[in-house]
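Accompanying notes for the structure given below.
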Number of protein chains: 2
Amino acid sequence: MSRLSPLAPEEAKAVERLESRQRSWRRGAYIQRENDQAEELVILSEGWVIAATLMNDGSRQIVQVHLPGELMGSANLMVPRVPMSLCAITEVTAAMIDRGAMARLLADHPRLASHLLAMAELERLTLADRIASLGRGSGRARLAAFLLDLLNRLRRLDPSVTDQFSMRLTQEQIGDATGLTAVHVNRMMRALVEEGSITRDGSMVTVLDEPKLMRLAHYVERETIDTSWIPEHA
Amino acid sequence: MSRLSPLAPEEAKAVERLESRQRSWRRGAYIQRENDQAEELVILSEGWVIAATLMNDGSRQIVQVHLPGELMGSANLMVPRVPMSLCAITEVTAAMIDRGAMARLLADHPRLASHLLAMAELERLTLADRIASLGRGSGRARLAAFLLDLLNRLRRLDPSVTDQFSMRLTQEQIGDATGLTAVHVNRMMRALVEEGSITRDGSMVTVLDEPKLMRLAHYVERETIDTSWIPEHA
DNA sequence: CGACGCATTGAAGAGAATCAACCGGTGTGG
DNA sequence: CCACACCGGTTGATTCTCTTCAATGCGTCG
């Protein structure tokens with residue numbers, strides 16, 4: 001959260017207290033299941049988590065891939081049932097935050113609502129970009145957008161990341177995220193390799209021609225967010 | 001906004017003052033253009049507006065259809081450039097809200113940030129549903145979901161709406177929203193008519209078999225939002 | 001060793017895009 | 001007032017992307 005705009009010391013302390021209740025999950029475990037009673041929000045500290053919804057024909061759509069540091073299930077604050085399953089796709093540790101505790105936090109530190117608002121708006125933009133990618137855009141384009149999104153978010157997380165990262169999703173999961181079948185993901189991945197955009201070595205993906213990928217994906221780099229509108233701390 | 005949770009009188013007054021600067025646009029006019037300097041948010045009072053982004057291959061993706069009462073371009077508060085064009089598809093009147101005025105409003109009435117947060121989260125859920133619809137789901141399913149979404153939102157807006165509404169988008173625009181071509185929208189629309197799910201008369205669309213449409217669309221009715229977490233007004 | 005998860009590859013089929021033409025209504029300028 | 005252009009909807013024929021079904025290989029783990 002502090003990446004957006006500095007917190008006052010007592011705000012930071014209050015947030016930290018919330019994060020004390022850490023738990024861990026192994027690969028494949030569900031952190032929250034769709035339609036469960038929504039009691040808690042989750043802050044991801046280690047590992048990758050997917051937010052997905054199951055459709056009544058058995059297919060699955062992965063709506064987001066969460067990386068460490070992100071707040072997950074923020075809608076749980078205000079809906080009675082969990083809208084999307086959260087599933088650990090690697091070893092995961094995360095902090096569970098009670099819905100009531102979150103409400104108290106906002107009551108005690110009203111300025112934090114603005115921070116959450118900024119995060120929510122940012123994610124809304126990301127989702128809008130994903131809608132554009134899914135609605136228009138070939139399989140190759142969707143895949144390119146998906147890879148670039150992951151790469152850029154990992155860069156923000158760890159500045160030592162340059163042009164490669166370890167893909168922690170199976171091709172089946174990539175398909176569920178991009179709206180393709182696993183088979184087609186495989187073929188498109190291969191196509192990206194053959195045209196020289198990327199290379200692969202095991203789970204490692206290296207981006208060779210980023211401008212080309214960006215063009216292919218219609219990728220828009222979202223500019224840094226302006227936080228000057230967040231009220232000053234008293 | 002007050003539909004979510006009652007506002008204190010002085011909050012309501014402050015919000016109303018913001019909405020005083022009304023303007024109107026004719027069909028087809030742009031209210032905001034992608035990449036413009038982001039100076040203002042917009043509250044829609046009359047008419048329909050689409051939020052769309054243009055891709056570099058010339059195709060367009062409509063991310064949202066805005067109905068009266070909605071806050072549009074809320075991201076403009078925090079990004080330097082308008083992320084998505086707002087285009088009037090009917091006669092439109094709306095209130096322009098200066099970004100600075102919005103910031104002052106949040107500073108003076110910090111509780112309102114919670115309200116905005118609730119609205120943002122709600123829209124995030126809507127966008128997530130749209131992602132699921134676009135990612136998985138045939139043309140018919142996407143179209144069904146699109147129609148049901150509009151119908152249900154119009155119902156919330158005007159309780160006298162039961163099973164029909166006037167579709168204000170052209171088939172080309174429906175295609176841009178559902179990720180299909182205009183031609184295919186036409187065929188799928190026709191298919192929905194032939195299977196007895198809907199009928200059409202001019203721009204009027206009547207839903208004949210709503211349960212069937214909902215099954216087809218994997219439609220999930222989002223439950224009412226819980227606002228008990230919003231801090232009490234002092 | 002055998003089961004299983006995951007990546008890979010081939011062949012066939014379905015769904016959607018593309019290209020092209022036509023139609024009715026509406027507006028508009030001569 | 002009419003001719004014409006234009007927009008939006010409709011339809012047919014063709015092409016292509018992606019899915020589906022099926023089989024194989026490879027590494028890991030019990």
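Being a predicted model, the structure only gives us computed values, none of them experimental. Just so it is clear: chains get the letters A, B, ... in the order the sequence lines come, proteins before strands, and each one is counted from 1.
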From CA spacing to verdict: side-chain contact (heavy atoms from CB on, under 4.5 Å), B:Arg168, B:Gln173: CA-CA 9 Å; B:Arg168 315 301 299 270; B:Gln173 290 166 335; over 6 Å; no

Verdict with supporting geometry, A:Ile174 and A:Met188, side-chain contact (heavy atoms from CB on, under 4.5 Å): CA-CA 11 Å; A:Ile174 298 175; A:Met188 292 304 101; over 6 Å; no

Electrostatic pair B:Arg23-B:Glu40, nearest N-O below 4.0 angstrom: no

Separation of C:dA16 P from B:Met189 CE (nearest whole Å): 15 Å

Value rounded to 0.5 Å, distance of CZ in B:Arg136 from CD in A:Gln61: 6.0 Å

Spacing between B:Arg140 atom CZ and C:dG15 atom P, to the nearest angstrom: 9 Å

Nearest-Å distance for atom pair NE2/C1', residues A:His184 and C:dA16: 13 Å

For atom CZ of A:Arg142 and atom C1' of C:dA16, their distance in whole Å: 12 Å

Touch class at under 4.0 angstrom, heavy-atom based, for A:Arg190 against every strand present: sugar-phosphate

Along DNA chain D (nearest heavy atom to each residue), the more 5'-positioned of A:Gly179 and B:Glu172: B:Glu172

Sugar-phosphate only, base, or nothing, as touched by B:Arg27 at under 4.0 Å among non-hydrogen atoms: sugar-phosphate

A:Gln64 and A:Glu123 side chains, donor-acceptor separation under 3.5 Å: yes

Touch class at under 4.0 angstrom, heavy-atom based, for B:Thr170 against every strand present: sugar-phosphate

d(CZ, A:Arg168; C1', C:dC6) in whole Å: 15 Å

Between CD1 on residue A:Ile31 and OG on residue A:Ser85, distance to nearest 0.5 Å: 10.5 Å

C:dA7 phosphate, OP1 or OP2, under 4.0 Å from A:Asn186 side-chain N/O: no

Close approaches to DNA chain D from residues 198-207 of chain B, in residue order (heavy atom, under 4.0 Å): B:Arg200

Basic-acidic side-chain contact under 4.0 Å: A:Arg222, A:Asp129: yes

CD1-CG distance between B:Ile97 and B:Leu18, expressed to the nearest 0.5 angstrom: 4.5 Å

B:Arg155 and B:Glu210 ion-paired at < 4.0 Å: yes

Closest to the A:Val183 side chain, choosing from C:dC6, C:dT9, C:dA20: C:dT9

Interface limits on DNA chain D, where chain B has a heavy atom under 4.0 Å of a nucleotide atom: D:dG8 to D:dA13

Atom-to-atom span, CD of A:Gln171 to P of C:dT9 - whole angstrom: 10 Å

d(CG, B:Asp176; P, C:dA16) in whole Å: 17 Å

Gap between atoms CZ and P, on A:Arg187 and C:dA12 respectively (whole Å): 13 Å

